[in-house]
Amino acid sequence: MHPLRVAIIGGGPGGLYAAALLKRLDPTRKITVWERNTPDDTFGFGVVLSDETLGGIEHADPEVYTALQQHFIRWDDIDIVHRESRNTSGGHGFAALGRKRLLEILHNRCRNLGVELRFDSEAPYPAWLAETHDLVIAADGVHSTTREAYAHVFRPHVTTHHCRYIWLATDFAFDAFRFEIAETEHGVMQLHGYPYAPDASTVIIEMREEVWRAAGFEELDPQEPIESCAKIFAEALRGHPLRSNNSAWTTFRTVVNERWSHENIVLLGDAAHTAHFSIGSGTKLAVEDALALAACLEEHPDIPSALSAYEEERKPVVASTQRAARASLEWFENIALYLDQPPRQFAFNLLTRSRRVTHDNLRLRDARFTESVERAFGCPPGTPPMFTPFRLRGLTLRNRVVVSPMDMYSAVDGLPGDFHLVHLGARALGGAGLVMTEMVCVSAEGRITPGCTGLYTGKQSEAWRRITDFVHTQAPGTAVGVQLGHSGRKGSTKLMWEGIDEPLPDGNWPLVAASSLPYKPESQTPRELSRAQLTDLREQFTAAAWRAARAGFDLLELHCAHGYLLSGFLSPLTNRRTDAYGGSLDKRLRFPLEVFDAIRGVWPEERPMTVRISATDWAEGGTCAEDAVEIARAFAAHGADAIDVSTGQVVAEERPEFGRSYQTPYADRIRNSTGIPVIAVGAISSWDDVNSLILAGRTDLCALARPHLYDPHWTLHAAAEQSYDGPGVVWPAPYRAGSRRPQTGRTDAPKPRLTLGT
């Protein structure tokens, strides 16, 4: 059944556009929109819409599209102004108009179609509307009363963030989308500004909560902070004042709902989800929701299946947008980390902050700007950032690509065999600057599974020497590193493909850990390590490091992540000790630092050491980003040359926030808080991602795992796809003939020109 009686709560762009679409699709529908404000009331000033959204509007309702076209202000440039340096990037393609004008267009369209608009009127209670209408669309905004009335069904999660901001306007038009940074005596403030009319611009002023309070904006009369901001950004505003429209300082709230519909009630726009204004997606998402909802109601035979299809279609799109918005939001929250970056790098970093605009994408938009950033970074002509060298102590890596440690579970009694030779050898031939082993265990009892490799016997050291010799001989210029670790409470488990983290059915060995806590309820319970056992373990690490040096490894990484033994000391969720090795972070660091110092004492001085950490436990009360910064500082103070920044796998009840490059913000935070070199990991899947992260200064090296399982020659192919042929990557002589893409079947055949009758 298609809905004939439709109630819409909220007269913003999303609700109005949904009303117009549904009425246009079926003129017999009775559609009523309730809006608590008057027709002339609006909050905010300009609205930015993407070409993609406009294309959807043009296809669905040409009349609305034509009306919008008459009022759009279009521009291509983004200006970034920081420390008296202005960098401009072009080719971005924006379109904006006044929010009031947008609402007028939608009001007129709804009236012409016969939609009933009830202004200055609170909507009846949603339960009553649901009984008296076929469909209820809740488009009542971020503070949705409908969502709250059915919170037990929609299960909303609302996150409040760390910045205060206010929507304002000024009476002249910027000639670009302008980001301006002001370093005041109270802290960093930023301006986001863009034109929405020939003589008007939206201006958003944003700063962290503590800066807002330090400036006294909380106590001042509402107009005074606005006047103060006009003075701070006087040059950007060309001396024009700022004006408000019942504007108030607020904090952004990210809204996520587990469900978007309940029986015949459905959420739309900000009621269902929010995305930070810095990527300009609020109105865009609401309008796209309306388009999708209208289409699903047409395509499906009944309301329940239509609403289910609407959620299925929109949720992944919105989740992706929210991830990008969260990355952008957090970048601005932490903007103080980047203030000392060179101006061009700072601008590039800002432009790529959401991870949606990338190095390659920006080069297509504005090659001149991107090349200027590359030159400032130190890229030789024609050299992508990923193929620039990087030095760690006495080791110079010829490019920034690392084959991440990946457990293969293919050893017998800890001995690496032919599989490991072929696996690591193939990836070394594939062009990466550094190839890492899996976690190599320091004792038989320290293995994760019976298939894990070790370095606790001379025979194992000799087997590893065979592999390092192959890499150094057959892939000269490629470095090979060893990752040393101990499984701790996560040991004595099945091979990954037989049941990850599941205990062995038989043949178990005893486990030890910082505290006597099983990883899962069904896991084996470890013994808490005694002082004497800590000494023995330190010696096991030292002996393994000595064997690793003899085996010819170029770099050693100490594994202090993922809930294994040393990670178990670092996390407050797994370290419940009451002695000198438990309690405060300084005490939890004590044993991992003792192990690091012992290894550094036997590891050759010219060879670098790195440390892998879990920068967050993804669990309440666990390690957080601030802790990770202090952990990195501590290891660097003891001689670590870089920090390999991973996350999670410390406790079974973790709740990770997966997504593309989802772990890289933690590497970014450490690098730009401390200046310590970092290795970024975590769903980095393309060479474009690597170039973007390196050039933005968010990491020094990028470690990739799954891409190297899919393609052992990933780095060589990345060079070929970028038409790069230089010292940053070298094709092995036997493979050189494959350095160009193979030809494929012709796809550019002439298309038919004439249609002849019979």
Mind telling me whether F569 and Y581 have parallel, tilted or perpendicular rings, with 30° and 60° as the class edges? perpendicular
Please check if the distance between the ring centroids of F177 and F94 is under 6.0 Å. yes
Are L573 and V650 close enough, and set up right, to give a side chain to side chain contact (heavy atoms under 4.5 Å, CB included), and what steps lead you there? CA-CA 8 Å; L573 298 178; V650 175; 5.6 Å; no
Flag side-chain contact, heavy atom, 4.5 Å: I670 against V629: yes
Please check: side-chain N/O of D689 versus main-chain N/O of I684, any donor-acceptor pairing under 3.5 Å? no
Testing the 3.5 Å rule here: is there a donor-acceptor pair between the side chains of R253 and T160? no
Where do H161 and T254 land on the side chain to side chain donor-acceptor pair (under 3.5 Å) test, with the steps shown first? CA-CA 8 Å; H161 299 285; T254 297; 2.7 Å; yes
Just by distance, do the side chain of S614 and the backbone of H562 share a donor-acceptor pair under 3.5 Å? yes
For the CZ atom of F72 and the CG atom of L97, what is their distance to the nearest 0.5 Å? 5.0 Å
Taking the six-membered ring for Trp, are F348 and F377 closer than 6.0 Å centroid to centroid? no
Can any side-chain N or O of R698 pair as donor or acceptor with the backbone N or O of P665 at less than 3.5 Å? no
Could you walk me through whether R669 and E626 pass the salt bridge (Lys or Arg N to Asp or Glu O under 4.0 Å) check? CA-CA 9 Å; R669 178 79 169 267; E626 291 78 10; 3.2 Å; yes
Shortest non-hydrogen pair, A615 vs V645, comes out as CB-CG1, 3.7 Å
Parallel, tilted or perpendicular, judged at 30° and 60°: which one describes the rings of W331 and Y338? parallel
Whether the side chain of R400 engages the backbone of T388 through a donor-acceptor N/O pair (distance < 3.5 Å, no angle test) should be reported. yes
Shortest non-hydrogen contact from P572 to G621? CG-O, 3.3 Å
Can you check whether T699 reaches I694 side chain to side chain, under 4.5 Å on heavy atoms? yes
Does E209 pair with R213 as a salt bridge, N-O distance under 4.0 Å? yes
Does the pair E104/R101 count as a salt bridge with the N-to-O cut at 4.0 Å? yes
Donor-acceptor side-chain pairing of H82 and Q341 below 3.5 angstrom: no
Heavy-atom count around R655 CZ within 6.0 Å, excluding the residue itself: above 12? no
Whether the side chain of T352 engages the backbone of R355 through a donor-acceptor N/O pair (distance < 3.5 Å, no angle test) should be reported. no
Residue pair R356 / T321, side-chain donor-acceptor N/O under 3.5 Å: yes
Counting heavy atoms not belonging to E84, are there more than 12 under 6.0 Å from its CD? no
I want to know whether F179 and F332 have ring centres closer than 6.0 Å. yes
Salt-bridge test for R363 and D360: reply yes if a basic N is under 4.0 Å from a carboxylate O, no otherwise. yes
Is it true that H638 and F596 have ring centroids separated by less than 6.0 Å? no
Run the salt-bridge test on R83 and D340 with the 4.0 Å N-O cut-off and return the result as yes or no. yes
Restricting to ring-ring contact (aromatic ring centres under 6.0 Å, His included), what partner residues turn up for H276, sequence neighbours left out? F252
If you define the side chain from C-beta out and look only at heavy atoms, does anything of D700 sit under 4.5 Å from L392? no
Nearest 0.5 Å, what's the CG-CD distance between D221 and E227? 8.5 Å
With rounding to the nearest 0.5 Å, note down the distance linking CG in L191 to CG in L168. 9.0 Å
Calculate, to the nearest 0.5 Å, the distance between atoms CG and OG belonging to N361 and S692 respectively. 8.5 Å
Side-chain contact test, heavy atoms from C-beta onward, threshold under 4.5 Å: evaluate it for L362 versus H92 and give yes or no. yes
When rounded to the nearest 0.5 angstrom, what is the spacing between CG in D641 and CZ in R393? 4.0 Å
With distance as the sole test, does D627 use its side chain to make a donor-acceptor pair with the main-chain N or O of C624 at under 3.5 Å? yes
Is the shortest side-chain N to carboxylate O distance from E330 to R326 below 4.0 Å? yes
For residues R590 and K587, determine if any side-chain heavy atom of one lies less than 4.5 Å from a side-chain heavy atom of the other. no
Please list all pairs meeting ring pair (Phe, Tyr, Trp, His ring centres under 6.0 Å) that have one or both residues in residues 654-682, counting only residues at least two apart or in different chains. W618-Y666, F658-Y662
Restricting to non-hydrogen atoms, name the atom on P156 and the atom on A151 that form the minimum distance, rounded to 0.1 Å. CD-O, 3.5 Å
Spell out, as yes or no, whether a donor-acceptor pair under 3.5 Å connects the side chain of T610 to the backbone of I643. no
I73/Y196 under side chain to side chain contact (heavy atoms under 4.5 Å, CB included): CA gap, chis, key distance, verdict: CA-CA 6 Å; I73 296 293; Y196 68 87; 5.7 Å; no
Crowded around E183 CD? As in, over 12 foreign heavy atoms under 6.0 Å? yes
For the student: nearest non-hydrogen atoms of A173 and A197, plus distance: CB-O, 3.5 Å
Hey, does the side chain of S328 reach the backbone of R353 with a donor-acceptor pair shorter than 3.5 angstrom? no
Does a side-chain N-to-carboxylate-O contact under 4.0 Å join D270 and R147? no
What verdict does the side chain to side chain contact (heavy atoms under 4.5 Å, CB included) test give for F233 and I205, after you've listed the backbone C-alpha separation in whole Å, the side-chain angles of each residue and the deciding distance to 0.1 Å? CA-CA 10 Å; F233 293 102; I205 306 296; 3.9 Å; yes
Any salt bridge between R323 and E657, counting N to O under 4.0 Å? no
Measure the shortest side-chain to side-chain distance between C702 and M386 over non-hydrogen atoms and say whether it is less than 4.5 angstrom. no
Flag, side chain of N399 to backbone of V401, donor-acceptor distance under 3.5 Å: yes
Please confirm whether the backbone N or O of C379 pairs with a side-chain atom of T383, one donor and one acceptor, at under 3.5 Å? no
Measure the shortest side-chain to side-chain distance between L103 and P13 over non-hydrogen atoms and say whether it is less than 4.5 angstrom. yes
Applying side-chain contact (heavy atoms from CB on, under 4.5 Å) to A347 and not counting sequence neighbours gives I80, N87, F369
Could you pull out the closest heavy-atom pair between S247 and F45, with the gap in Å? OG-CE1, 4.3 Å
Distance, nearest 0.5 Å, that separates OG1 of T88 from CG of D366: 9.0 Å
Contact between F174 and D79 at the side-chain level, heavy atoms closer than 4.5 Å - yes or no? no
Looking only at heavy atoms, the pair that brings F635 and L589 closest together is CE1-CD2, 4.0 Å
Could you go step by step and tell me if D289 and H273 meet the side chain to side chain contact (heavy atoms under 4.5 Å, CB included) rule? CA-CA 10 Å; D289 282 354; H273 47 72; 2.6 Å; yes
